[in-house]
Structures are given as structure tokens and as C-alpha cells.
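Okay, so here's the structure we're looking at.
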Amino acid sequence: MREFLVFVRKECYHIFRDRRTLLILFGMPVVLIVLFGFAITNEVRNVKIAVLDQAKDTYSRQLTDRITASGYFTVDRYLASEKDIEPVFREGEVKVVVVLPPNFGHEFYHGRKAPLQLLTDASDPNTGTTLVNYANAIILQYQQEMTGKVTLPLTIQTASRMIYNPSLKSVFLFVPGVMTLILMLVSAMMTSITITREKELGTMEILLVSPLKPLTIIAGKVIPYIALSFIIALTILAMGFWIFGMPVKGSLLLLLLECLLFCLAALSLGILISSLTNSQQTAMMISMMGLLLPTILLSGFVFPLESMPKPLQVFANIVPAKWFIIILKDIMLKGAGLRQVWQPTLILGGMTLFFLVLSVRKFKTRLS
Amino acid sequence: MSKAIITRNLTKRFGDFIATNAITFDVEQGEIFGFLGANGAGKTTAMRMLCGLLKPSSGEATVAGFNIFTQTEQVKRRIGYMSQKFSLYEDLTVKENIRFYGGIYGLSHQQIKSKTEELLGKLQLQQEAGQLVSSLPLGWKQKLSFSIAVLHNPSIVFLDEPTGGVDPITRRQFWDLIYEAADRGVTIFVTTHYMDEAEYCNRISIMVDGKIKALDTPAKLKEQYQAASMNDVFLQLARAKPGENNSSS
Amino acid sequence: MQPIVIENVHKRFGDVKALHDISFSVEQGELFGLIGPDGAGKSTLFRILATLLLADQGSAFVNGLHVVKDYKAIRRQVGYMPGRFSLYQDLTIEENLNFFATIFKTSVEENYDLIKDIYEQIAPFKGRPAGKLSGGMKQKLALCCALVHKPAVLFLDEPTTGVDPVSRKEFWEMLQRLRQKGIPILVSTPYMDEAMLCDRVALIQKGEIMQINTPGNIVKSYGKKIWAMRADNMFRLIRDLRAFEGTDSCFAFGEYLHVTLHVPVEKVQAYLTPLQHGNLVIKPAQPGIEDAFMQLMQEQNETV
């Protein structure tokens, strides 16, 4: 036991004396969260619009209110005539102009097609399309509501996609993703690098010749990194909560236990990688290509799995990150308990056990 | 005869630590100059400065007539460098290594071709020309890498512990190459831990704690310190003040 | 019981013959040297003895324990210092030493008398990270770490490579003291002059042992007469001597050339005189280990 503790202490010295790596490990989640939370966002919020209301009746005013009430748009100004439209776009502040024709209310109320014009600044086509889609959705919703009032009460709402993220905050989707990514990075990559570093240095030779059991060496290497991963996971959760107001709806304990499970899976992958190679560089490349890329691309973190070709969807099933992200989202956003997430948990647990046994088996007690 | 290397009070500091402390010496063209010292005495630092890899903190020095502060490019074109740690690309063949080094020193295709033939012939490596360098024995690698270091006819070659771990016969064959190059007028600047090799040099300097403690021909040094061999001279000088308060450079 | 016994060990790496039919044994309390250049197979042999590699053929015993069957027991008893500097660069002297003591289930205090001599030399710097030590100090620390659990056998793989002559001398003085304490030591080195400091040596080259004997006997068994020669222009002298048909071998040895002949020395003098070498000196010389090694190497090359 004493040997083990000394080993862990030695490992901690390595971690804390390598300030630069430590800084990267803690700096990266912060940067990633902030980046995804603030900068890389496809949300529409408080976009300035201008309204040319030529009707000025109840319905035109109602619709304008609906558009602004959504929070996506704010009315920057009201225009007097069509001549004003072009100068407004030139200024660049206003991205959308809503044109309501003179007899809008009349035409709408009498069930005929109410002509309405949406003009967008398409100098940035992506944003333009997104804005038109948002505005269209609001108008459609309003139209359906009004139709429902006067005729049949059975009108279908199409807003289902916003249920678990009512404000459409993309950061809520990125927090689980970044957490997965960082845990994978710290656990798998750092473990594989630290073990191969001992091989490169030649210290592994001495460790192997010593009476230390292979399991002690592995555990001694791994435990400090589990602790480190845990602290980082907590940091990310705390940032999500305090900076972006992202709650954990489910049990925090369950969430942390699931994190532990994923860390173990990642760590055993790291040990496995280190038994395949003797150089830090190769270990890093394998971790990057073999673990991080699938974690980013095939876990549903950045690209939705549903829209991928079938073979890739099947392949994604063996990426542990996929299951972990499902678990995280369910617990954090839906408030799911173990009863709801037992299936992905079981899959992840099975993978962990498999990798763990394999990596301990593969760990060499000799040099070749 | 012109001077190949001139240094005057050449100094390099790393923070508080003075790696080389005001060293002053001349090396004649065509001379075999042994540069000895204990680990951490500042040899490597001095050598790096002379090769234009490290900017000196103060002092003056010229190598092949060029100032090492301002004319590093010209210096680099006129020197060859070989170290025990890095010399050749292990994953390239013998021929590819020669072509590469010839190329970076701007030799023409024709020159490289004739030099390759000449070099392979001299080292009797024709059979192995297409083999990866990693498959060659260490001694052959060292001989090959020396030959490549003088491929572009530099006026000075810097050799950093070129014969470490090499078998005794190959070590002497290596020195045959050095003698031959010196005979052609190439200046040899060499560091070594083998004290018998120090005897092969025309002149020797011994560095202790960043300073040059002794500089003369092997025979005169032995006379001066009343020692039977260069090993004794070295022990007397380096042991007088243990180098323990140095960190390795 | 002999602490180290090696019987007909063979080892190949792919096409490379690393060790070929190696057999020798080390006696109790002996300082045994494995002398040979890099690539001779020294490290491979050490790793087989330290139970880190498996031999293709043959067997080896450390303290009567078989290196494959009883590898766990051997690992508890040996002190092993690998060829490369193998300590944690970011840990201090003290931390390294304590770490290695603990993983061998002991403490620095318990065996302090064994490492005292060596440790005191580096103790003033015990708070300094190992990566910032000079070459000689690193080797001393590595030796301390290999000794801290009071091993029954000590394996030192090239402990003095790349170390300056002063530190080398000190290191060998420490080995002499350890031998007096009765610890059998197997040490390898590419420096021929260090062979003289061993009780017995094996000269190894290209994976084969060329000779095993005491250094004194190896030198004695060198059958030929050696002539030391020098002149002002050594390079010209080497060329002239090699061109002479009566010369067997001609190698530089320090300030002299060592020349062996199959004709009387007067013939060489007669040959050299008209070539006008300045300050020509020819005198008989004592052969050393290196002369013997080179002769054996040449014989080995001829038989291949």
C-alpha cells in the first residue's frame, strides 16, 4: 500500500511541476466553453428589424408584437415608405424588414391569402436564411393560432424541437460535448503519454525490475488523472451553471458517477494505447486520431448522428463518447434518473470493463 | 597562415549562470584542435556559439574570417558539424542522406553525384548505398556522418564527441579520416572524452567551470603538469576544483 | 553459489544477431566487466539478466534463480542501472531516492550505510531536480537508486558512458568500495582502459564473447611484440608504415603509434630513414587491453 501511495505522490509531482500542461488542461475547457457558449453560436437573439406597416390595423400590430415578443427580434424602427428600405439596409444595423401591405388585416381576416413581405440582408446568406426561417416560424404560428380561433380548435403546433431547450441555447448542447471531449483528452491522452514517457526515459525498465506489480503501476498512474479529470468535470459544470445558467435537472451524484465510468473507459483506452507504442509522439497521434476525432465527429457533439450515412451511424455505436453524451444530455437537460439511462450506462459499463481487462492484460511485464 | 577561429573574451550567460566565461584562443587553419572539459564545463555552449547557433552575451569571435555576431549565415556556409547525438537520418538510405546534405549546402546535381561516388568508394560503402542508415553499425554511421560533414569542403569542421561508444579499430579509422581532412587543410575542432584521442590533436584546450584552464600542445601540457598522460593532466586540472556547482549545459 | 550464471544464451532481433552463444559466470564478490563497443550486445545481455527480455535459447541464473521461471524473485534482489539515464528528471535527488526506496519496499535510512559514501557527495544538492544535474552527479544518483534496497547483485549497464574522465574515475573508485562490501557487480563499458579496474573481464564484440580472463592475463596472452613509434608528421608516418610490407598492424595510441611487425624492427628503421621523418622515435612498448581487443577483433573479422 505504501508503495502505491508513493507512486501516486510521484505522479502528482509530475503533474504539478509541468505547469504548462496543467495550464492547458484547465485552460482548454474554459476556452472551449466560452468559445462555444458565446462566439460560435447559431442562435438568433435580439436581431434588429424594421417594420413598414402600411395597414396599421389590429392584426398588423398583433403580428408585429408577436414577432418582437419572441425575443429573437427587436423592432429598431418603423418605416414610413418603401423608399426608406434600402437606406436602412445600407446602414447595416437592421437585418430584416417586414413589409405589411395596406389592407393586411382585411385580407387576413377574410381567410384569403394575406400578402406579407420579408426582406433580408443576404450579404451573409446563412444568417439571412436562418432569420427568414425564424420569422416565418413565428408568422406561421400566429397564423395558425388565429385560424384556430375562428374555425376548428384542432390545429397542430410545430414547435416540438424546442422542448428541452426552450430558449434554443446552443451552450446547453456544448457543455456535455465539451465535457466529453476534455475527459477523453485528459484521461486517455494524458495517461498514454505519461506511460510512454516512462518508456522513453527508461524509468519503465527500473519500475519493471522492481517488485511493483503491474496493477500497482497502472493504478498509480491512473488515479491522479481520475482526480484531475473529476476536478475538470466539476469546473465545467460550475461554469455551465454560473455563467450560462445551465441547471443539472437530474441527480448530480448520478451524473458524477457516470463521469467516473466514462473516465475509467477513457483511461483504459489510454493504457491500451501506451501498450501499443513506445514513443510519446505516437501515443499522442493515436489518441488524437483514434479517440479525439471520433469523439468530436461521431458522438453527436458537433454533427447530428441522425443525418449521417448509415455505416457511420452504426460505427458511432462503438464510440464510448456517443453513449456518454446521451447520458449527460438526459440527466442534465431532461432530468432523467438511472431508470431512464440504464441502457446507455450498461453499454458504457460493458465497454469500460472490456477495455480495462484488455489493457491490464496487454500491459507488458517485459520490454518485448 | 590565417587563423580559422579567433575568440576574445567570449562569454555566454544564462540568467545568473555563466556557461562560458571570457574565453580567448586562436585556432590555426589546418590544425587539429582538441576542446576538452568535464561535463558541464561549458564546451557545448562554446561550440554552439562558434557554429552560430547561440548568440554570445559578450566578447568577440570570428570563424573562418566571419563575425559570429553579425555574419552567422556566412559562418554556417563555411563550417561542417557533426555530433554523436545527431548526425544522419536513420530512415533515409546512405545515398539519400548524402544527396540531402549535398543539397542543403547548395552542391549541384553533378557535384553531388561525383562526391557520392568518391565518398562511397573511400568508405567502401558501395554495397550499402541503398540501405537505410539505421541498419548500419554505429562505427560506419560515424564515419559516414563525418564524411558528409566535410562534403561541402568546409574550412572548419566541428566534431562533438564523434567517437563515443565506437569500437577501438573503428575509432582509429575515424581518426584516419580526421588526419586526412587536416592534411587537406581542413581545420578540425573536436571534443572527446577519450584522453588518448586528445594526444592526436595538435593543440588542446581544457575548460574548467566555463574558463580555459590550459592551452598548449599535448607534449608541453604533460611537461608543464609533470604528467605521464593527458588523462593525468586532465584529472589534475579538473579535479582541482570540482565542477559540482555547475548544472549541466 | 555463483551469483550470475549464463549458459549458451542466444538472442536475435529479426535478422540481427544480438547475442550468440554467450556463456560465463560471475563469482561471489567479483567485479566483472563486460567490455565492448556500442552494439556489441551488452545491453541485451543485461536486460535478459534483469528479466526484461527473454532469450531465444539458453538459460541464465541470478543467485541461483532462473531468469524466466523465477523472474519475480529476481526482481526483488537485483539492483539495475540501465544504460540510459533513467531517473525522473523533474523529481529532486531526494524525491527520486525516496521513491525508488519505497517501491523496493525499504527506506533510505534502512540501508543508508551502503549508499552513504556516494550520497554524501550529492547530498548538498538534494533539492535540485535530477534533470539539472551534471553528468557525473546523475550517475552517482542513479547508482544510489540502484543500491538503495541493498541488492544481492548489481547490474550496471554502461554507467560511465558520456561522462568526463574525472567523474569516471570517481565512479570506479565507488565500485571498488562496493566490491569490498562483497556485492557482486556486473558492469559494462565501451572504455577499454576501465577493463584494468575489473577482477575479470569478457571482451564482447558483435554479440560474441572473444575472450574471458583477468585483465592481466589478457594483456599477457597478447603474443606479439609492439613497437611504439612517433614522428613530427603522424599522418605521413601512419601512411608510410601501412604501405610497408612488413607491417601487420599500425594504429594510433595516444602520442605514439602501436605497430606490430613480422620482420625485424631494423628493417622498418631502414625503410623509414630515407623518408626523412623529423624526430622519429621507435621504441618497444607494453601492450594494453585495447591492443588485445583490437587483435581479437581482427581475428574475429577474419574468421567470419
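The pair B:Asp176-C:Arg242 counts as a salt bridge, with a side-chain nitrogen and a carboxylate oxygen less than 4.0 angstrom apart.
Taking C:Met192, C:Gln298, C:Arg236, C:Lys169 one by one and counting their heavy-atom pairs under 4.5 Å with chain B, the maximum is reached by C:Lys169. Taking B:Val166, B:Asp183, B:Thr192 one by one and counting their heavy-atom pairs under 4.5 Å with chain C, the maximum is reached by B:Asp183. Highest contact tally toward chain C, considering only B:Glu197, B:Arg171, B:Arg172, is held by B:Arg172 [criterion: heavy-atom pairs under 4.5 Å]. Interface summary for chain B: among C:Pro124, C:Gly36, C:Gly254, C:Ala40, the most heavy-atom pairs under 4.5 angstrom belong to C:Gly254.
What you find for B:Pro168 and C:Phe293 is that their closest heavy atoms are CG-CD2, 3.4 Å. Residues B:Gly37 and C:Asp164 come closest through the heavy atom pair O-CB, 4.3 Å. Closest heavy-atom contact between B:Lys222 and C:Glu255: NZ-OE2, 2.5 Å. Of all non-hydrogen atoms in B:Phe234 and C:Pro165, the two that sit nearest each other are CE2-CD, 3.5 Å.
The distance from atom CZ of C:Phe235 to atom OH of B:Tyr200, rounded to the nearest 0.5 Å, is 14.5 Å. Taking CG from B:Asp196 and OH from C:Tyr256, the interatomic distance works out to 15.0 Å, rounded to the nearest 0.5 Å.
Heavy-atom distances place no part of C:Glu158 under 4.5 Å from chain B, backbone and side chain included. Using a 4.5 Å cut-off between heavy atoms, C:Met234 touches chain B through its side chain atoms alone. For B:Glu180, the parts lying under 4.5 angstrom from a heavy atom of chain C are both the backbone and the side chain.
Judged by the 6.0 Å and 45° rule, C:Arg239 forms no cation-pi pair with B:Tyr179.
Enclosure of atom CD in C:Glu120 by more than 12 non-hydrogen atoms of other residues, nucleotides or ligands within 6.0 angstrom is indicated.
The side-chain contact (heavy atoms from CB on, under 4.5 Å) test with C:Pro37 is passed by exactly one of B:Asp167, B:Ile169, B:Thr170: B:Asp167. A side-chain contact (heavy atoms from CB on, under 4.5 Å) with C:Val166 holds for exactly one of B:Leu235, B:Val208, B:Asn231; it is B:Leu235.
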